[in-house]
Amino acid sequence: LVELLGQIPGFNLPHEVYCAGAGACSCSNVDLPKTELDKKTGDPVRVTKRVRRPKSITLAPKGKSVPLHPAVLQCPEVAAALKSRPRRIRFEPAK
């Protein structure tokens, strides 16, 4: 992706779209601390939940991203930016 307007756009690449289209998951697993009530005592306890964090990209003004899988074109935010007028970004396939 190439940014065309001198702005700093960011795009979420949803797992259901990007990873499915690319054929491999590129999400990262993140451990989030959380407080829950203990089932036996009712006391608050700290627990860690593992969640999947989808990939995202941020482009520098007039910058170019690393090569991305064409599945990026199916992501809603990227598709909207490609169709916008004036055009915000351009897709350049990996060589």
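For the numbers below, each heavy atom of this structure counts, side chains included, while hydrogens, waters and symmetry mates do not.
Minimum interatomic distance between Pro76 and Pro14 (heavy atoms only, all atoms of both residues): CD-CG, 4.3 Å. Nearest heavy atom pair, residue Pro44 against residue Thr35, reads CB-CG2, 3.7 Å. Listed here is the closest heavy atom pair of Glu77 and Gly10: OE1-O, 3.8 Å. Cys19 and Ser26 get closest at one heavy-atom pair: SG-N, 3.3 Å. What you find for Arg52 and Asn29 is that their closest heavy atoms are CA-OD1, 4.0 Å. Taking each heavy atom of Lys62 and Gly6 in turn, the nearest pair found is CE-N, 3.7 Å.
Between atom CZ of residue Arg53 and atom CG of residue Asp31 there is a gap of 10.5 Å, rounded to the nearest 0.5 Å. Distance CZ/Phe91 to CG/Leu82: 9.0 Å, rounded to 0.5 Å. Rounded to the nearest 0.5 Å, atoms SG (Cys75) and CD (Glu16) are 10.0 Å apart. For the atom pair NZ of Lys55 and SG of Cys25, the computed distance is 10.5 Å after rounding to the nearest 0.5 Å. Atom-to-atom distance recorded for His69:NE2 and Gln74:CD is 10.5 Å, nearest 0.5 angstrom.
Remark: the backbone N or O of Lys49 is not paired with any side-chain donor or acceptor of Lys34 at under 3.5 angstrom. Side-chain atoms of Arg87 come within 3.5 Å of backbone N or O of Ile89 as a donor-acceptor pair. In this structure a side-chain-to-backbone donor-acceptor pair under 3.5 Å is present from Asp38 to Lys40. No donor-acceptor distance shorter than 3.5 angstrom exists from the side chain of Glu3 to the backbone of Leu59, with no hydrogens or angles considered.
Of the candidates Val78, Leu13, Ile57, Tyr18 forms a side chain to side chain contact (heavy atoms under 4.5 Å, CB included) with just one, namely Leu13.
Under the 4.5 Å side-chain contact rule for hydrophobic residues, Val72 and Phe11 share a cluster.
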- Checking side chain to side chain contact (heavy atoms under 4.5 Å, CB included) for the pair Leu68/Leu1: CA distance, chi angles, key distance, verdict? CA-CA 8 Å; Leu68 297 167; Leu1 294 178; 4.1 Å; yes
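The closest side-chain heavy-atom distance from Arg88 to Pro9 is below 4.5 Å.
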